[in-house]
Amino acid sequence: MASSMSGMFLGQQQSGPHPSGGPGGPGQPGMLPGPPGARGSSSNTLVDDLEAAFEACFASLVSQDYVNGTDQEEIRTGVDQCIQKFLDVARQTECFFLQKRLQLSVQKPEQVEKEDISELRNELQRKELLIQKHLAKIHNWQQVLEDINVQHKRPTELPQGPLAFLEQASANIPAPMKPN
C-alpha cells in the first residue's frame, strides 16, 4: 500500500489511456509524480490542481477586476467557473481516495475491519459521554421538580378556602376590650 500511495495524484483525467507502470501502479495514475525532484512544470498533480482551483476561487472573490467591474453577470460567470473547476478537481481527488480505499479493502481486509472497530469504539465513547451529560441534566431537572413539589406542599398544610387566610390572620388579633 505504501508503494501505491507514494505516487499520489498525478493529474488524473478519467478519459484516455494511462501509461502502465506509472506511480499509482499498472494502468493507474497517481496523485504525485514519482520522485520529488522529477516534478516538471508541465506535470500537475491532483493536489496541485485542487490547490490552484481553490486559490482561483478565492482570488476571484477578492480580485480588483471583480470589485471594480460593473457587469454583474460577468462576475457571476467567472466565479461560477472557478467554483465548478474546484468542485471537479475535488471530485477527482475523492475518486482517487475511494479507489485507494477499495484497493486496501481488497488487499488487507483486516485493516479495514480494525478501522471500523476503532470508529465504532469512538462512537460508543462519544455516545456514553452524551448519555452521562443527559443523565446529569435529568438529575438536575428532577431536583428542580422535587423542590417545586416541596414548595407546593407547604401551603396545603394551611386551611383551604377563599377566606381561610383571613380567618387565620384574624384569629391572631386580640378581641377589643369592652368599656366599663
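In this chain, numbering begins with 1 at the start of the sequence shown.
Scanning both residues, Cys82 and Ser60, for their nearest heavy atoms gives SG-CB, 4.0 Å.
For Ala53, the side chain to side chain contact (heavy atoms under 4.5 Å, CB included) partners at least two apart in sequence or on another chain are Lys85, Phe86. Taking the side chain to side chain donor-acceptor pair (under 3.5 Å) definition, one finds that Glu51 meets it with nothing, sequence neighbours left out. With sequence neighbours left out, Asp80 forms a side chain to side chain contact (heavy atoms under 4.5 Å, CB included) with Arg76. Residues that satisfy the side chain to side chain contact (heavy atoms under 4.5 Å, CB included) test with Glu113, not counting sequence neighbours, are absent from this structure. Legend: residues meeting side chain to side chain contact (heavy atoms under 4.5 Å, CB included) with Gln143, ordered by chain and number and at least two apart, are Glu146, Asp147. Legend: residues meeting salt bridge (Lys or Arg N to Asp or Glu O under 4.0 Å) with Glu115, ordered by chain and number and at least two apart, are Arg101.
Inter-residue side-chain proximity for Arg91 and Cys95 is flagged as unmet; no heavy-atom pair is nearer than 4.5 Å. Inter-residue side-chain proximity for Lys108 and Val112 is flagged as unmet; no heavy-atom pair is nearer than 4.5 Å.
Of the inter-residue distances, the one linking Ile117 atom CD1 with Lys114 atom NZ reads 9.0 Å to the nearest 0.5 angstrom. Put simply, CD1 on Ile131 and CD1 on Ile138 are 10.0 Å apart, with the number rounded to the nearest 0.5 Å. For the atom pair Asp88 CG and Thr93 OG1, the distance stands at 10.5 Å (nearest 0.5 Å). Considering CZ of Phe97 and NZ of Lys100, their distance stands at 10.0 Å, rounded to 0.5 Å. In this structure, Phe54 CZ and Leu50 CG are separated by 9.0 Å, a value rounded to the nearest 0.5 Å. In this structure, the separation between CG on Leu87 and CD on Glu94 is 11.0 Å, given to the nearest 0.5 Å.
Sorted by first and then second residue, the side-chain hydrogen bond (donor to acceptor under 3.5 Å, both in side chains) pairs involving residues 122-132 (not counting sequence neighbours) are Glu123-Lys127.
Other members of a hydrophobic cluster containing Leu124 are absent, since no ILVMFWY side chain comes under 4.5 Å of it, directly or through relayed contacts.
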